[in-house]
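Every number for a ligand or one of its atoms is a count from 1 in the order of the listing.
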Amino acid sequence: MQVYADNAATTKTSQVAIQAMMPYFDTIYGNPSSLHSVGQEAKEALESARERVAKCLGCEPREIYFTSGGSEADNQAIISAARIGARKNKKHIISTAFEHHAVLHTLNKLEKEGFEVTLLDVKNGHNITAQQVADAIRPDTCLVTTMYANNEIGSILPIPEIGAVCKQAGIPFHTDAVQAVGHIAINVKEQNIDMLSLSGHKFHGPKGVGALYCRRGLALTNVIEGGAQERGKRAGTENIPAIMGLAAALEDACAHLGENAAKVTAMRDRLIEGLSKIPHCALNGDSVNRLPGNVSFCFEGIEGESLLLLLDMKGVCASSGSACTSGSLDPSHVLLAIGRVHDVAHGSLRLSLCEYNTDEEIDHILTVVPEVVAYLRSISPVWRDLQTGKREYIL
Ligand SMILES: *Cc1c(COP(=O)(O)O)cnc(C)c1O
């Protein structure tokens with residue numbers, strides 16, 4: 001049995017998305033900027049995709065800018081708000097310690113340019129509160145950027161409340177909603193969101209395409225210069241097939257959001273309950289406000305990398321945290337941010353589910369994970385020291 005449980009890294013492209021893309025490779029292949037009929041047909045498709053994406057988010061079509069993915073949307077949103085702030089001599093940004101690197105590294109770059117960044121602490125309940133945001137606001141704050149839901153530990157942040165705090169203070173609010181869009185009901189106007197990043201491949205659309213919602217009245221800064229595509233804010237010939245696939249996948253996800261979330265949540269809870277029985281382990285992330293598909297644990301006395309390799313041999317594709325940090329030996333910044341010490345953070349496992357997973361697959365995971373953890377502990381010197389009392393258990 002082959003179980004794909006790494007949907008937070010990427011999802012399988014749905015048939016709906018693939019079928020929506022096909023005509024735009026070989027029939028309606030024009031450049032939307034061309035004035036002739038072949039180009040104009042592509043232009044019409046592009047604008048229809050923009051309308052459909054806008055409808056799913058509760059905004060106007062002109063507030064949607066297509067990008068190459070979630071990372072680019074994050075970069076552009078943050079850089080844009082920083083440029084607006086700098087013009088008014090406001091150079092303070094509020095974010096959180098468990099953001100995606102697309103956000104954290106952009107903030108690092110701005111710090112080198114003289115911006116000051118406050119990263120909110122996420123130890124308490126593995127989440128932040130709107131009050132923490134309110135308390136961090138200063139007269140020179142030019143941006144609040146907090147993710148909608150965390151990609152490693154699944155915590156869902158109190159976005160409407162944070163949005164309300166920012167609105168009251170007159171500060172632009174951006175959210176990296178890459179893990180949330182298509183999985184949680186979002187309405188940017190009702191939730192007081194000024195800018196939002198999304199990515200096609202996290203909800204069964206294609207990779208290499210995303211979108212930035214930017215409220216009318218907030219001026220975007222180009223991160224890619226060139227032609228006048230996307231209202232002059234993002235140069236480059238539009239990736240029409242990918243954009244059509246993204247729009248179709250998003251519509252499909254939003255149309256089935258409730259039923260998918262119910263199915264995935266039930267599988268998630270069965271996994272959490274079963275894996276919690278393994279001795280000396282801990283659930284990572286907010287236990288209540290949690291993404292439907294996220295299961296994240298730390299197991300004491302094992303190495304996450306070995307766990308992943310052995311699980312793969314038993315047919316389970318999982319992750320130790322973020323796909324982006326795999327390959328480096330540093331423990332995940334997210335697990336460190338929630339207070340896991342290095343040794344414990346190294347023994348992490350993230351299983352991220354989608355509606356394509358089945359109850360039989362959950363049974364399989366529930367059989368193999370405890371076996372593999374027990375095996376790795378049986379050959380671990382650290383575990384031996386814990387068992388003989390030479391070292392103290394943390395979990
Ligand atoms: C995947 C992910 C991104 C990056 O999106 P890409 O489309 O792969 O660039 C950004 N933020 C979060 C929270 C993600 O999960």
Which pairs of N or O atoms, one from ligand 1 and one from the protein, are separated by less than 3.5 Å, and what is the distance for each pair?
| from | atom 1 | to | atom 2 | distance (Å) |
| --- | --- | --- | --- | --- |
| ligand 1 | 7 (O) | Gly70 | N | 2.8 |
| ligand 1 | 7 (O) | Ser199 | OG | 2.6 |
| ligand 1 | 8 (O) | His201 | NE2 | 2.9 |
| ligand 1 | 9 (O) | Gly70 | N | 3.4 |
| ligand 1 | 9 (O) | Ser71 | N | 2.9 |
| ligand 1 | 9 (O) | Ser71 | OG | 2.7 |
| ligand 1 | 11 (N) | Asp176 | OD1 | 3.3 |
| ligand 1 | 11 (N) | Asp176 | OD2 | 2.7 |
| ligand 1 | 15 (O) | Gln179 | NE2 | 2.7 |
| ligand 1 | 15 (O) | Lys202 | NZ | 2.8 |

Per the side chain to side chain donor-acceptor pair (under 3.5 Å) rule, which among Glu116, His92, Lys91 passes with Thr141? His92
Look at the aromatic rings of His280 and Trp383 and report parallel, tilted or perpendicular, splitting at 30° and 60°. perpendicular
Steps toward side-chain hydrogen bond (donor to acceptor under 3.5 Å, both in side chains) verdict (Glu99, Thr96): CA-CA 6 Å; Glu99 294 298 311; Thr96 77; 2.7 Å; yes
Is any NZ, NE, NH1 or NH2 atom of the basic residue among Lys263 and Glu355 found under 4.0 Å from an Asp or Glu carboxylate oxygen of the other? no
Cut-off 3.5 Å, no hydrogens considered: what does the side-chain donor-acceptor table look like for residues 363-370, sequence neighbours left out?
| from | atom 1 | to | atom 2 | distance (Å) |
| --- | --- | --- | --- | --- |
| Asp363 | OD1 | Arg270 | NH1 | 2.9 |
| Asp363 | OD1 | Arg270 | NH2 | 3.2 |
| His364 | NE2 | Lys314 | O | 2.8 |
| Thr367 | OG1 | Asp363 | O | 2.9 |

Looking only at heavy atoms, the pair that brings Ala17 and His204 closest together is CB-O, 3.6 Å
